[in-house]
Amino acid sequence: MILEAVHRAPELTRRMLRGVIADAAFRTFVVPAMAPLGWRDVTPEGNFAYDYLMEDAQGRISVQVKLQRSERGAPVVRGGARFGFEGDVYMTETQKTRAGNDGQGKNRPYRYGEFDVLAVSMQPSTRKWDRYLYTLGRWLLPGKSESEMATLQPVSKEPSGFWTDDFVTAAAWFRADDGGKRMSLVEKMKTPD
């Protein structure tokens, strides 16, 4: 009955369920793999802008888990040049599930500083729930205001200067001084009339 209900559910419902599975897969595959390296899950009870709070001897790092974007069962692919990447990129959607207003405007977009690391489940392209790419929250494209993140973010197909498949590398990036590094949209060249 449950599987039939999921099968008959609209695309949005299935996408939300797949996001829940990506989150559970992080707990199942990534968290235990990090324990021998000195990391532990110290996520408090409650509703936060991050999904996990990971801690090692150097401190805590908050992690938001998202799913690689797909449409009709296929991963969404875009030209990477627009985002400063060579070749094509995948996409992920970084916004909160529920909309609201916190007195400073709509709070569905994430704001910089609400989480440290973005973990993107690459299941739509790899067909494996244990594959993630990581980047820093502070590196993501800005949204409508400089304090918020854009809803759609590019994800390089392979590890790059902005993306890694290793959580420890992402943690090291977070703890390093990067001089304000951030992804940016590449201005389209204007052709003279």
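Note that NZ of Lys144 is 7.5 Å distant from OG1 of Thr151, once rounded to the nearest 0.5 Å. From Ser184, atom OG reaches atom CZ of Arg82 across 11.5 Å, with rounding to the nearest 0.5 Å. If you take CH2 on Trp163 and OG1 on Thr169, they are separated by 14.0 Å, rounding to the nearest 0.5 Å.
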Which is it for Arg18 and Ser70 under the side-chain contact (heavy atoms from CB on, under 4.5 Å) test, yes or no, and what are the steps along the way? CA-CA 10 Å; Arg18 290 168 48 81; Ser70 61; 4.1 Å; yes
Could you walk me through whether Val42 and Arg60 pass side-chain contact (heavy atoms from CB on, under 4.5 Å), step by step? CA-CA 9 Å; Val42 293; Arg60 294 178 171 183; 3.8 Å; yes
How far apart are the C-alpha atoms of Arg175 and Asp56, what are their side-chain angles, what is the distance that settles it, and do they pass the salt bridge (Lys or Arg N to Asp or Glu O under 4.0 Å) test? CA-CA 12 Å; Arg175 291 170 171 158; Asp56 71 354; 2.8 Å; yes
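Taking the side chain as every heavy atom from C-beta outward, Ile61 and Trp39 approach each other to under 4.5 Å. The shortest side-chain heavy-atom distance between Pro124 and Leu67 falls under the 4.5 Å cut-off. For the pair Met34/Val168, a side-chain contact is recorded, criterion being any heavy-atom separation below 4.5 Å from C-beta on. Looking only at side-chain heavy atoms (C-beta outward), Tyr110 and Glu148 stay at 4.5 Å or farther from each other. For the pair Leu140/Thr135, a side-chain contact is recorded, criterion being any heavy-atom separation below 4.5 Å from C-beta on. Taking the side chain as every heavy atom from C-beta outward, Leu37 and Phe167 never approach each other to under 4.5 Å. Inter-residue side-chain proximity for Tyr90 and Val76 is flagged as unmet; no heavy-atom pair is nearer than 4.5 Å. Taking 4.5 Å as the limit, every side-chain heavy atom of Leu136 sits out of range of all side-chain heavy atoms of Leu118.
Ion pairing of Arg8 with Glu4 is present here, as a side-chain N (NZ or NE/NH1/NH2) and a carboxylate O approach within less than 4.0 Å. Note on Lys66 versus Asp51: no salt bridge recorded, every NZ/NE/NH1/NH2 to OD/OE distance being 4.0 Å or above. Using a 4.0 Å cut-off between charged nitrogen and carboxylate oxygen, Lys157 and Glu86 do not count as a salt-bridge pair. Taking the charged nitrogens against the carboxylate oxygens, Glu146 and Arg111 have no contact shorter than 4.0 Å, which rules out a salt bridge.
Side-chain atoms of Arg138 come within 3.5 Å of backbone N or O of Phe174 as a donor-acceptor pair. Remark: the backbone N or O of Phe29 is not paired with any side-chain donor or acceptor of Trp129 at under 3.5 angstrom. Distance alone, capped at 3.5 Å, is enough to place a donor-acceptor pair between the Tyr132 side chain and the Ala22 backbone.
Listed by first and then second residue, the salt bridge (Lys or Arg N to Asp or Glu O under 4.0 Å) pairs involving residues 28-48 are Arg27-Asp41, Arg40-Glu55 (not counting sequence neighbours). Within the structure, ring pair (Phe, Tyr, Trp, His ring centres under 6.0 Å) contacts touching residues 138-158 (residues at least two apart or in different chains) are Trp139-Phe162, Trp139-Trp173.
Of all non-hydrogen atoms in Ala170 and Thr164, the two that sit nearest each other are N-CG2, 3.8 Å. Closest non-hydrogen pair, Ser156 versus Leu133, comes out as O-CD1, 3.2 Å. Between Ala150 and Thr94, the closest heavy-atom pair is O-OG1, 2.9 Å. The shortest heavy-atom contact between Ser145 and Pro142 is O-CB, 4.4 Å. Scanning all heavy atoms of the two residues, the minimum distance from Leu141 to Gln153 falls at N-OE1, 2.8 Å. Annotation for Met149 and Pro109: closest pair O-CB, 4.0 Å, computed over non-hydrogen atoms.
Paired with Val155 under the rule side chain to side chain contact (heavy atoms under 4.5 Å, CB included), one option of Gln68, Arg78, Met122 passes, and it is Met122.
Ring orientation note: the planes of Phe26 and Tyr134 are nearly perpendicular, at an angle over 60° on the 30°/60° scale.
One hydrophobic cluster, built from ILVMFWY side chains closer than 4.5 Å, holds both Met183 and Val77. Residues Tyr52 and Phe48 fall within the same hydrophobic cluster, defined by Ile, Leu, Val, Met, Phe, Trp and Tyr side chains chained together at heavy-atom separations under 4.5 Å.
The local environment of NZ in Lys128 is sparse, with at most 12 non-hydrogen atoms from other residues, nucleotides or ligands closer than 6.0 Å.
Residues forming a side-chain hydrogen bond (donor to acceptor under 3.5 Å, both in side chains) with Glu93 (at least two apart in sequence, or on another chain): Arg69, Gln95.
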